[in-house]
Amino acid sequence: MVAKPPISKELLEILACPMCKADVKLEGQELVCTKCGRRYPIVDGIPYMLPDELMAEVGTRSRR
Amino acid sequence: MDVERKRELMMLYNETASVYDRRYESIQKYKHRWILRYLPRRMGSVLDVGCGSGLLLELLRPLSARLVGIDFSERMIRLARERVPEVRLVLADAESLPFTNGSFDVVVSATVIQNAPSPERVLNEIARVLREGGLAVLTSLKRKHTHITLRNLATSAQLRIKDSGNIPDSEDVFCVCTK
């Protein structure tokens, strides 16, 4: 059985890296920027796509 | 210092998320109904910038099957998830939107722009993610913006003004514009 993707294809198509605006691709439970390589977690179906300076605030604290 | 201010705001919204609806629901809903007057009955893709606990998303839900909400407060976005589970949500910052150019037919933002350290960046980002001919309906607090300064921000972001003014009996000004 194939696992259900954590976000819809439709949302994935319009998502971009908040820093460099390049496309992102889905790798497991993360979105990865195809240009700068930044990784964005998907937590309970919600992509966490804050810019660097804010990601530092939630990234570690809120991820289980 | 902008980053510091944003972090403080983020923490503030996280801390107050649970009381936000109780305190602001009726005030916000009044503004949301004002925004709705400027929106078509049926819309394609719609982005709510600073969706908070999802009050406006709830109103927009019957009007669009492709609705996306962003907020930078984790607690708020989780409240929105509970309120409108079927709406697509992203934890993101209004000054650095994580969407490709021209992704949306409509962008709305209620009482958010006044908080941004750089409202210029927010308007530029909104203009960037709007498609050509797309519609934006924005409000900001009167204590930070007049409808003229809000218009000027939109104009600087290459948006064309359709209407602007004070929302009567409210603390907000509004601006309706197209790309």
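Within every chain, numbering begins at 1; the chains are lettered A, B, ... in the order of the sequence lines, protein sequences first and strands thereafter.
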Colleague: Is B:Leu9 linked to B:Val49 within one hydrophobic cluster, defined over Ile, Leu, Val, Met, Phe, Trp and Tyr using a side-chain heavy-atom separation of less than 4.5 Å?
Modeller: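 Shared cluster, yes.
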Colleague: Using every non-hydrogen atom in the two residues, find where A:Asp44 and B:Arg81 come nearest and quote the distance to one decimal.
Modeller: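 That would be O-NH1, 2.9 Å.
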Colleague: Identify, with sequence neighbours excluded, every residue that meets ring pair (Phe, Tyr, Trp, His ring centres under 6.0 Å) alongside B:Tyr24.
Modeller: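 With neighbours one apart ignored, the set is B:Tyr20.
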Colleague: List the atom of B:Thr100, the atom of A:Asp23, and the distance in Å for their closest heavy-atom pair.
Modeller: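 B:Thr100 and A:Asp23 have their closest heavy atoms at CG2-OD1, 3.6 Å.
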Colleague: At a 4.5 Å cut-off on heavy atoms, which part of B:Glu95 comes close to chain A: side chain, backbone, both, or neither?
Modeller: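 The answer is neither part of B:Glu95.
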Colleague: Membership question, hydrophobic clusters at under 4.5 Å side-chain separation (ILVMFWY): are B:Ile167 and B:Leu153 in the same one?
Modeller: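 Yes; B:Ile167 is reachable from B:Leu153 via cluster members.
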Colleague: At a 4.5 Å cut-off on heavy atoms, which part of A:Glu13 comes close to chain B: side chain, backbone, both, or neither?
Modeller: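 Backbone of A:Glu13 only, per the 4.5 Å heavy-atom cut-off to chain B.
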Colleague: With sequence neighbours left out, what residues match A:Pro51 under side-chain contact (heavy atoms from CB on, under 4.5 Å)?
Modeller: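 Listed in chain order: A:Met19, A:Glu53, A:Leu54, B:Asp93, B:Ser96.
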Colleague: Could you measure the distance from the CG atom of B:Leu91 to the OH atom of A:Tyr40? Nearest 0.5 Å is fine.
Modeller: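 The CG atom of B:Leu91 sits 12.0 Å away from the OH atom of A:Tyr40.
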Colleague: How long is the straight-line distance from OG of B:Ser45 back to CG of A:Leu11, given to the nearest 0.5 Å?
Modeller: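 Going from the CG atom of A:Leu11 to the OG atom of B:Ser45 covers 11.5 Å.
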Colleague: Hey, any chance B:Tyr13 and B:Leu55 share a hydrophobic cluster, counting ILVMFWY side chains that come within less than 4.5 Å of each other, even indirectly?
Modeller: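 Shared cluster, no.
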Colleague: Kindly determine whether A:Leu50 and B:Glu74 satisfy side chain to side chain contact (heavy atoms under 4.5 Å, CB included), including the steps that lead there.
Modeller: CA-CA 11 Å; A:Leu50 292 168; B:Glu74 209 179 3; over 6 Å; no
Colleague: Would you say B:Ile70 and A:Met49 make side-chain contact, with heavy atoms under 4.5 Å?
Modeller: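 Side chain of B:Ile70 against side chain of A:Met49, heavy atoms only: no contact under 4.5 Å found.
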Colleague: Does atom NZ of B:Lys144 have more than 12 heavy-atom neighbours, drawn from other residues, nucleotides or ligands, at distances under 6.0 Å?
Modeller: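 Above 12, so yes.
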